[in-house]
Undergrad: 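Pasting a structure below so you can have a look.
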Protein chains: 2
Amino acid sequence: MKVSKELSQSRMPTEHQPASNEAKLPAAEIPIEHDLDPGASVEQTPAGSLGRILPEATLARLTQYLRALGAMQARGEARTSSGVLATEAGVNPAILRKDLSLLGSYGTRGVGYAVTDLVEQISKAMGLLRQWRVAIIGAGNLGRALSGYGGFRSRGFEVVALLDSSPDVVGTTVGDLQVQDISDLDEIVAATNANIGVLSVPGAAAQDLCDMLVQCGVRSILSFAPVVLQVPAGVVLRKVDLATELQILAYHAQNLDS
Amino acid sequence: MKVSKELSQSRMPTEHQPASNEAKLPAAEIPIEHDLDPGASVEQTPAGSLGRILPEATLARLTQYLRALGAMQARGEARTSSGVLATEAGVNPAILRKDLSLLGSYGTRGVGYAVTDLVEQISKAMGLLRQWRVAIIGAGNLGRALSGYGGFRSRGFEVVALLDSSPDVVGTTVGDLQVQDISDLDEIVAATNANIGVLSVPGAAAQDLCDMLVQCGVRSILSFAPVVLQVPAGVVLRKVDLATELQILAYHAQNLDS
DNA sequence: GCTTGTGAACACCTTCACAGCG
DNA sequence: CGCTGTGAAGGTGTTCACAAGC
């Protein structure tokens with residue numbers, strides 16, 4: 001099956017990471033997409049409503065701050081400073097302060113930041129106070145691994161459905177989820193109110209399934225498929241590419257040896 | 001030394017990752033993050049030897065070009081142009097030409113590029129002509145999924161070992177690999193000559209296992225653990241952070257809705 | 001004193017536009 | 001004429017260094 005449909009001339013403002021990175025996987029990334037990979041998809045200023053627009057690079061770091069802050073909370077630390085937090089998150093203190101100032105978050109000069117406060121500010125800015133419901137498309141090895149990944153549930157992400165097209169897999173149980181048939185996607189998305197789709201399917205099938213997700217109203221998609229996907233404006237796509245990550249690693253490894 | 005980006009980061013690409021990250025995974029983020037990780041140890045331009053230093057962003061794209069070129073080969077196309085290839089890879093034609101010119105690769109003005117030639121040039125520049133042997137640390141869901149991931153074997157990456165610490169898992173068979181005991185890491189790395197390590201272990205165990213890998217002489221590591229890892233200079237670390245990828249996605253999704 | 005917040009300098013990437021050349 | 005290769009321009013992201021303020 002072919003990858004690109006020549007439909008849309010207009011090139012989406014997508015693409016990583018990078019990840020990079022970005023994933024970004026990368027990245028994807030994822031992600032991310034930084035990419036991962038490389039860069040990730042970005043939307044134009046979404047109406048002036050309330051949105052502060054945060055740079056992609058800042059977003060990636062904010063998640064690291066959240067993690068470090070979580071560890072501090074667990075250790076019972078109430079206050080921290082840009083120096084300490086930056087070390088823990090593995091970044092430069094200056095850019096950490098700049099990131100936080102983008103949120104409008106206030107620290108106290110001469111003192112530092114209140115841990116709980118920061119967690120709240122960052123979570124709010126990143127949209128983590130909502131409950132996100134994830135539908136995983138593709139119950140192969142990766143899809144099953146993702147559905148059981150503890151790191152998701154821990155921060156407001158709930159896997160509400162796991163779908164596949166193969167009759168051999170549909171109906172089997174993975175964790176506490178039963179694999180459902182992809183042809184019921186529409187009803188399942190509606191019933192579960194899933195708002196994030198994860199594509200863990202072979203490259204050849206990815207664009208079609210991506211289109212299906214979009215058609216069902218899912219507007220945020222994380223793809224692990226090793227292909228370039230096209231999505232209409234108004235849909236956010238991030239890509240995590242495992243083969244890409246290894247290849248970039250190979251490049252650096254080669255350079256070390258030479 | 002810098003630390004991380006995500007996916008991908010790449011940095012994702014991952015990331016990402018950058019992720020990127022991205023990445024970045026982060027990308028397998030290896031990303032992320034991006035992820036991607038940092039410029040890792042800063043290599044001096046190896047003087048005139050042979051090393052061209054390629055920007056991280058270029059590396060991420062080169063892998064996409066490779067993929068698109070592979071599809072062209074499969075379709076029996078012998079020549080292509082920056083316009084066509086760029087579309088297929090989802091990038092701007094100008095930057096594609098710039099990327100390729102960094103390799104010293106020659107196209108023909110007025111004509112385009114020879115597909116097979118480009119594949120060779122890019123593969124060589126990225127170190128993909130060697131055989132890379134991958135040891136996967138952690139035979140949980142993710143580790144098992146990775147060990148069976150077809151995308152690895154397809155471009156010179158061979159999974160030569162799958163290790164775990166749990167007695168329940170050691171000795172079991174995954175695909176055509178038998179899970180080995182992590183305490184034998186040293187011998188296994190020596191016997192298989194593994195030169196890339198993949199960490200698919202819980203965050204709490206990651207730094208220790210990372211250190212073990214380094215001690216055994218593995219100097220290229222791709223980590224899926226949701227923690228910041230420290231490695232000595234001379235070791236390349238990339239990171240793919242799945243939770244980060246989803247969080248960045250959540251941010252964009254929230255912004256769409258508002 | 002200490003740490004934050006930020007302007008300015010810097011480095012890196014991307015896009016544009018066109019010269020160069022088959 | 002068409003397409004590559006690239007200087008120059010434009011962005012974006014990071015680091016530096018210091019003023020502001022508890």
Side-chain angles (χ1 to χ4, degrees), chain A residues 11 13-22 24 34-40 42 44 53-62 79-87 89-114 117-118 121, chain B residues 1-6 9-11 15-22 33-34 36 38-39 42 53-62 79-87 89-114 117-118 121:
Chain A
R11 176 150 298 295
T14 122
E15 215 21 67
H16 287 179
Q17 343 321 247
S20 283
N21 306 339
E22 261 24 43
K24 316 261 275 300
H34 285 255
D35 252 247
L36 118 220
D37 196 76
V42 176
Q44 308 304 349
I53 289 302
L54 302 176
E56 201 68 19
T58 294
L59 291 174
R61 285 189 298 265
L62 285 177
R79 272 180 280 105
T80 189
S81 68
S82 65
V84 172
L85 183 51
T87 300
V91 303
N92 177 302
I95 206 162
L96 183 150
R97 293 197 296 275
K98 198 152 275 191
D99 285 340
L100 294 183
S101 80
L102 287 177
L103 307 185
S105 154
Y106 286 174
T108 319
R109 295 176 195 232
V111 178
Y113 301 90
D117 225 54
L118 264 194
Q121 295 253 17
Chain B
M1 163 185 320
K2 298 166 49 178
V3 180
S4 83
K5 176 195 199 183
E6 118 242 39
Q9 89 104 101
S10 303
R11 304 159 22 139
E15 227 341 327
H16 223 92
Q17 164 53 334
S20 78
N21 290 8
E22 75 243 328
E33 95 172 36
H34 253 133
L36 281 244
V42 182
I53 290 300
L54 302 176
E56 201 69 16
T58 293
L59 291 173
R61 284 188 298 267
L62 285 177
R79 275 180 279 105
T80 189
S81 68
S82 65
V84 172
L85 183 51
T87 300
V91 302
N92 178 302
I95 206 163
L96 182 150
R97 292 197 297 274
K98 197 152 275 189
D99 286 339
L100 294 183
S101 79
L102 288 177
L103 306 185
S105 154
Y106 286 176
T108 319
R109 296 178 193 228
V111 178
Y113 301 90
D117 224 55
L118 264 194
Q121 295 253 17

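Basis for what follows: all heavy atoms, side chains included, without hydrogens, waters or symmetry-related copies. Computed from a prediction, not measured in an experiment: that's the story for all the values here. Protein chains get the first letters and strands the later ones, always in sequence-line order, with residue 1 at the start of each.
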Undergrad: Of all residues at least two apart in sequence or in a different chain, which pass the side chain to side chain contact (heavy atoms under 4.5 Å, CB included) check with A:Ser82?
TA: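 For A:Ser82, the residues satisfying side chain to side chain contact (heavy atoms under 4.5 Å, CB included) (neighbours in sequence not counted) are A:Pro93, A:Leu96, A:Arg97, A:Tyr113.
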Undergrad: Measure from CD1 on A:Ile53 to C1' on D:dT12 and round the result to the nearest Å.
TA: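 Whole-Å distance recorded here is 15 Å.
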Undergrad: In this structure, how many angstroms lie between the P atom of D:dG13 and the CZ atom of A:Arg61, rounded?
TA: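 Answer to the nearest Å: 9 Å.
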Undergrad: What is the separation between atom CG on B:Asn92 and atom P on D:dG11, rounded to the nearest whole Å?
TA: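 Rounding to the nearest Å, CG of B:Asn92 and P of D:dG11 are 15 Å apart.
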Undergrad: In whole angstrom, what separates B:Leu96's CG from D:dC3's P?
TA: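 Atom CG in B:Leu96 sits about 14 Å away from atom P in D:dC3.
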Undergrad: Which atoms form the tightest heavy-atom contact between A:Leu85 and A:Thr80, and what is the distance?
TA: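 Heavy atoms of A:Leu85 and A:Thr80 come nearest at N-OG1, 3.9 Å.
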Undergrad: Using side-chain contact (heavy atoms from CB on, under 4.5 Å), reason through B:Thr87 and B:Val84 one step at a time and then give a plain yes or no.
TA: CA-CA 5 Å; B:Thr87 300; B:Val84 172; 5.9 Å; no
Undergrad: What is the nucleic acid contact for B:Pro93, judged by heavy atoms within less than 4.0 Å: base, sugar-phosphate only, or nothing?
TA: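 B:Pro93: no heavy atom of the nucleic acid under 4.0 Å.
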Undergrad: With a strict under 4.0 Å distance from non-hydrogen atoms of chain A, what nucleotide opens and what nucleotide closes the contacted stretch of DNA chain C, reading 5' to 3'?
TA: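 Extent of the interface on DNA chain C: C:dC2 to C:dA8.
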Undergrad: Could you check how far NZ of A:Lys98 sits from P of D:dC18, rounded to whole Å?
TA: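 Value for this atom pair: 15 Å.
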Undergrad: D:dC3 C1' sits how many Å from B:Leu100 CG, rounded?
TA: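 Going from B:Leu100 (CG) to D:dC3 (C1'), I get 13 Å.
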Undergrad: Pull out every protein N or O sitting under 3.5 Å from an N or O of nucleotides 19-22 of chain D, one pair per line with the distance.
TA:
residue: D:dA20; atom: N3; partner: A:Arg109; partner atom: NH1; Å: 2.7

Undergrad: Output all residues satisfying side chain to side chain contact (heavy atoms under 4.5 Å, CB included) with B:Thr58, sequence neighbours left out; order by chain, then residue number.
TA: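 Once residues adjacent in sequence are excluded, the partners of B:Thr58 under the side chain to side chain contact (heavy atoms under 4.5 Å, CB included) criterion are B:Pro55, B:Arg61, B:Leu62, B:Asp99, B:Leu102.
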Undergrad: Quickly work out the A:Leu59 CG to D:dT14 P distance and round it to whole Å.
TA: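 It is 11 Å, rounded to the nearest whole Å.
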Undergrad: What is the separation between atom CD1 on B:Ile95 and atom P on D:dA8, rounded to the nearest whole Å?
TA: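 Those two atoms, CD1 and P, are 18 Å apart.
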Undergrad: Counting just side-chain N and O atoms, does B:Tyr113 come under 4.0 Å of either OP1 or OP2 of D:dG2?
TA: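 For D:dG2, OP1/OP2 do not have a side-chain N/O of B:Tyr113 under 4.0 Å.
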Undergrad: Tell me which of B:Gly112 and A:Arg97 sits closer to the 5' end of DNA chain D, going by the nucleotide each one is nearest to.
TA: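 Checking each residue's closest nucleotide, the 5'-ward one belongs to B:Gly112.
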